[in-house]
J.: 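There's a structure below that I have some questions on.
Only heavy atoms go into these numbers, but all of them, side chains included; no hydrogens, no water, no symmetry mates. Numbers for residues simply follow the sequence, beginning at 1. Whatever order the structure lists ligands and atoms in, that order sets their numbers, starting from 1.
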Amino acid sequence: MATRFALLIVPADAAEERADFSDSFTPADPSAPALSVGELSTQRGDGVFESIGVVDGHPQETEAHVQRLAHSARLCELPEPNLEQWRQAVAVAAAECPPGEAVIKLILSRGVEHGPTPTAWATVTPAGDFAAARTQGVRVVTLDRGYDIGAAERAPWLLLGAKTLSYAVNMAALREAHRRGADDAIFLSSDGFVLEAPTASLILRIGDRFVTPAPSGGILHGTTQLSVYEHLAGLGLTAEYARIPAADLIAADAAWLVSSVRLAAPIREIDGRPLAVDAPFTAALNAYLLSPRD
Ligand code: PLP
């Protein structure tokens, strides 16, 4: 889908308190060049980003995304983002969203080498059609992520809990999954624990308990998983974080990949073994995820 709108943002100091940041925003032609060739985001993937789902002009979970952008920036030692400025950028972008589903991307790059400030921008793109993934489900294969479950704590410079722009590995994993005849992948740690998908979190149902891998184990803490957990708690259901051995994947009664734009995609096959899809529960989950959420 073609990007419909772009907004260049001059990042404000985190401490700056202003009611209106509109003079730090400049709309830009999304099809025209806008970045310097010296940009470290394009040369090194050195920056952080967020993808926010938008439903009929309503950006979902803006606060969780803006907070995670700040968390990622902290892990990457980028200047602390001004949260209010980013909230206002999201509101400006949301006003440009087409009806139906769309995506607002927020990008904060280290900028030009030795430059004065980071580079920041936001874009608006219509969302793809995920009806088949949401209803019929996805086939996944497990892929070795190449590090053990303790790597995130032992080696924070790997930036494993940050949503950085370095997604080449994630995209390569998706290509490998497609090569193996699947739609998506689930990463496993080298010592055999379940991590996440290349662009989604994993939630399993085992009996009447929902479990997701603990975010301390080198994965991104998903905003959709958090929102689903809030919803499940509201329904009186048990939803927990755990260190999940790979063997539990095939023992699960149901499983979903959840993310901000595709929302809940039930898993119908893992490494060639069928998994039951709970269609009514999944439909209710996606109805919740499509309702306005703050
Ligand atoms: N894990 C990874 C690696 C991701 O890239 C994403 C989203 O793109 C997620 C999990 C899900 O995060 P969210 O629910 O905030 O979209």
Side-chain angles (χ1 to χ4, degrees), residues 45 47-55 59-73 75-76 86 90 101-108 123 125 127-128 130 133-134 138 140 142-147 149 151-152 158-177 183-189 193-204 210-232 239 241 244 255-267 285-286 288-290 293-294:
V48 298
F49 78 106
E50 282 297 322
S51 295
I52 304 178
V54 183
V55 182
Q60 305 281 47
E61 304 276 354
T62 298
E63 193 57 29
H65 283 285
V66 165
Q67 293 285 351
R68 191 173 62 187
L69 185 79
H71 175 69
S72 298
L75 291 176
C76 292
W86 283 97
V90 172
E101 294 179 52
V103 191
I104 295 175
K105 255 195 174 193
L106 309 178
I107 296 132
L108 175 63
T123 60
T125 311
F130 296 111
R134 288 175 191 165
V138 289
V140 302
T142 52
L143 295 178
D144 184 358
R145 187 67 178 84
Y147 52 71
I149 195 85
L158 295 180
L159 305 176
L160 295 178
K163 194 167 171 69
T164 76
L165 290 168
S166 312
Y167 260 51
V169 166
N170 305 48
M171 297 301 107
L174 283 180
R175 288 194 299 274
E176 180 61 24
D183 307 300
D184 213 321
I186 293 175
F187 285 130
L188 301 180
S189 66
F193 294 98
V194 178
L195 296 172
E196 62 187 342
T199 65
S201 313
L202 173 72
I203 299 175
L204 305 181
F210 291 84
V211 285
T212 196
S216 57
I219 60 170
L220 188 73
H221 200 173
T223 60
T224 316
Q225 174 265 309
L226 276 167
S227 183
V228 167
Y229 266 36
E230 229 180 84
H231 178 63
L232 295 175
Y241 293 91
I244 304 172
W256 296 265
L257 296 182
V258 301
S259 53
S260 295
V261 182
R262 189 172 59 181
L263 306 178
I267 297 177
L285 200 54
N286 277 318
Y288 161 72
L289 291 170
L290 285 165
R293 291 178 290 126
D294 288 312

J.: Any N or O on Glu196 sitting closer than 3.5 Å to an N or O of ligand 1?
T.: yes
J.: Report, in ascending order of atom number, the atoms of ligand 1 lying under 4.0 Å from any heavy atom of Ser260.
T.: 13 (P), 14 (O), 15 (O), 16 (O)
J.: Show, in sequence, the C-alpha distance, side-chain angles and deciding distance for His231 and Leu289, and conclude whether the side chain to side chain contact (heavy atoms under 4.5 Å, CB included) test is met.
T.: CA-CA 9 Å; His231 178 63; Leu289 291 170; over 6 Å; no
J.: Specify side chain, backbone, both or neither for Ala200, according to which of its non-hydrogen atoms lie closer than 4.0 Å to ligand 1.
T.: backbone
J.: Quick one: does His221 get an N or O within less than 3.5 Å of an N or O on ligand 1?
T.: no
J.: Report the nearest protein non-hydrogen atom to atom 5 (O) of ligand 1: residue, atom name, distance rounded to 0.1 Å.
T.: Tyr167 OH, 2.4 Å
J.: Looking only at distance, does Thr224 have an N or O less than 3.5 Å from an N or O of ligand 1?
T.: yes
J.: Could you tell me which residues satisfy side-chain hydrogen bond (donor to acceptor under 3.5 Å, both in side chains) with Asp184, sequence neighbours excluded, listed by chain and number?
T.: Arg262
J.: Could you pull out, from Thr199, Leu257, Ile52, the option with a heavy atom nearest to atom 6 (C) of ligand 1?
T.: Thr199
J.: Does Lys163 come within less than 4.0 Å of ligand 1, judged by its heavy atoms?
T.: yes
J.: If you define the side chain from C-beta out and look only at heavy atoms, does anything of Thr62 sit under 4.5 Å from His65?
T.: no
J.: Would Ser201 count as being in polar contact with ligand 1, using the rule that some N or O on each side must be under 3.5 angstrom apart?
T.: no
J.: Give me the residue, atom name and distance of the protein heavy atom closest to atom 15 (O) of ligand 1.
T.: Thr223 OG1, 2.6 Å
J.: Without swapping roles, check the side chain of Thr212 against the backbone of Tyr241 for a donor-acceptor pair under 3.5 Å.
T.: no
J.: Taking side-chain contact (heavy atoms from CB on, under 4.5 Å) as the test, write out the residues that go with Ser201, two or more places apart.
T.: Gln225, Val258
J.: Check for a donor-acceptor pair, side chain of Thr224 on one end and backbone N or O of Ser260 on the other, with a separation under 3.5 Å.
T.: yes
J.: Would you say Thr125 and Lys105 make side-chain contact, with heavy atoms under 4.5 Å?
T.: no
J.: Find out whether the Lys NZ or Arg CZ of Arg293 is both under 6.0 angstrom from the six-membered ring centre of Tyr288 and within 45° of the ring's axis.
T.: yes
J.: Please confirm whether Ser227 comes under 4.0 Å of ligand 1, counting heavy atoms of the residue only.
T.: no
J.: Using a 4.0 Å heavy-atom cut-off, which part of Pro198 comes near ligand 1: side chain, backbone, both, or neither?
T.: backbone
J.: Ignoring hydrogens and geometry, is there a side-chain-to-backbone donor-acceptor pair from Ser227 to Thr223 under 3.5 Å?
T.: no
J.: Does at least one non-hydrogen atom of Arg68 fall below 4.0 angstrom from an atom of ligand 1?
T.: yes
